[in-house]
Amino acid sequence: MTESTAPHEILAADVRSVLREIPDYPVPGVVFKDFTPLLADPALSARVVHHVAGRHHEQVDRVVGIEARGFILGAAIAHHLGVGFVPVRKADKLPAARHSVDYDLEYGSATLEMHTDAVQRGERVLVVDDVLATGGTAAATCELITRCGGQVAAVDVVLELAFLHGRDKLPGIPVYALISD
Ligand code: AMP
């Protein structure tokens with residue numbers, strides 16, 4: 001780091017220094033990126049929230065967070081932006097009428113759901129999660145938003161596993177990652 005290092009690069013380096021890697025979790029061959037140490041650091045997580053919210057200030061009407069870790073930063077970012085927060089949840093967790101999308105994961109397959117009235121037609125929606133891996137989770141979330149008539153403004157994650165090419169599943173959608181591995 002030098003005096004000319006951009007603020008987002010300093011933030012990225014600070015976040016990288018606290019992220020924990022857990023080899024072979026939850027299945028052999030996967031290196032799990034654990035961002036709970038970031039959440040445990042109030043000053044650093046506040047900087048991340050401020051950084052992401054600043055990028056989307058007055059550009060979005062809702063923030064969608066993906067279960068479960070996307071809820072944590074997503075809700076804080078929504079609060080910071082002064083817009084509503086919408087949870088996208090795993091199958092059979094939401095109580096009211098919902099849209100449902102099946103998708104493939106880096107390890108396995110799953111279903112994501114969102115309340116049908118959670119996003120209104122024409123609303124601009126920011127999607128937040130901790131990690132973009134193969135992109136299936138984010139793509140399914142974007143599909144749920146589109147089914148409600150919403151427009152996906154961007155997908156914003158703390159960490160992108162670029163070697164898995166998750167962005168390729170999100171054509172035409174701006175994708176932001178604080179850190180790319
Ligand atoms: P994907 O659909 O493959 O992009 O997977 C993204 C979702 O799975 C996110 O909700 C992440 O929280 C989680 N995930 C996938 N791979 C990892 C990983 N290596 N470390 C931590 N979380 C991961």
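Whatever order the structure lists ligands and atoms in, that order sets their numbers, starting from 1. Bear in mind that the values here come from a model prediction, so they are computed numbers and not experimental data.
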Mark the output for Gly135 as yes if a heavy-atom distance to ligand 1 is under 4.0 Å, and as no if none is.
yes
Heavy-atom proximity to atom 10 (O) of ligand 1, picking from Val157, Asp130, Leu170, Asp129, points to Asp129
Can an N or O of Glu67 be found at a distance shorter than 3.5 Å from an N or O of ligand 1?
no
Angle class for the His51/His8 ring planes (parallel below 30°, perpendicular above 60°, tilted otherwise)?
parallel
Write down the atom of Glu123, the atom of Ala118, and the distance for their closest heavy-atom approach.
OE1-O, 4.5 Å
Classify the contact between Thr137 and ligand 1 as side chain, backbone, both or neither, using a heavy-atom distance cut-off of under 4.0 Å.
both
For Gly136, atoms of ligand 1 separated by under 4.0 Å from a heavy atom
2 (O), 4 (O)
What heavy-atom pair brings Cys148 and Thr116 nearest, and what distance separates the two atoms?
SG-O, 3.4 Å
Polar contact flag for Val30 and ligand 1 (N/O pairs, less than 3.5 Å)
no
Short N-O contact, Glu113 and Lys90, less than 4.0 angstrom
no
Proximal atoms of ligand 1 relative to Thr134 (non-hydrogen, under 4.0 Å)
1 (P), 2 (O), 3 (O), 4 (O)
Does some non-hydrogen atom of Val31 fall short of 4.0 Å from ligand 1?
yes
Would you say Ala138 and ligand 1 have an N/O pair spaced under 3.5 Å apart?
no
Output for pair (Leu126 CG, Phe85 CZ), nearest 0.5 Å, gives 10.5 Å
Heavy-atom contacts with Arg69 under 4.0 Å: which atoms of ligand 1 show up? List them by number with element.
11 (C), 12 (O), 13 (C), 22 (N)
At a 4.0 Å threshold, what atoms of ligand 1 neighbour a non-hydrogen atom of Ala133?
1 (P), 3 (O), 4 (O), 5 (O), 15 (C), 16 (N)
Could you list the atoms of ligand 1 found under 4.0 angstrom from a heavy atom of Lys33?
18 (C), 20 (N), 21 (C)
Below 4.0 angstrom from a heavy atom of Leu161, which ligand 1 atoms are there? Numbered from 1 as shown, please.
19 (N)
Is there a heavy atom in Leu164 that sits closer than 4.0 Å to ligand 1?
no
Geometric N/O contact Tyr103 with ligand 1, under 3.5 angstrom
no
Hey, what do you get for CZ (Arg16) to CD1 (Ile179), rounding to the nearest 0.5 Å?
5.0 Å
Just distances here: any N/O of Leu132 and N/O of ligand 1 closer than 3.5 Å?
no
Heavy-atom nearest pair, Leu132 first then Arg167, reads CD2-N, 4.1 Å
Knowing that exactly one of Gln120, Arg124, Gln151 qualifies, which makes a side chain to side chain donor-acceptor pair (under 3.5 Å) with Asp61?
Arg124
Residues two or more places apart in sequence or in another chain: which of them pass salt bridge (charged side-chain N to carboxylate O under 4.0 Å, His left out) with Asp24?
none
Which part of Val131 is near ligand 1, with near meaning a heavy atom under 4.0 Å away: side chain, backbone, both or neither?
both
Going by side-chain hydrogen bond (donor to acceptor under 3.5 Å, both in side chains), name the pairs with one or both residues in residues 168-178, residues two or more places apart or in two chains.
none
Donor-acceptor contact below 3.5 Å, side chain Arg69 vs main chain Phe35
no
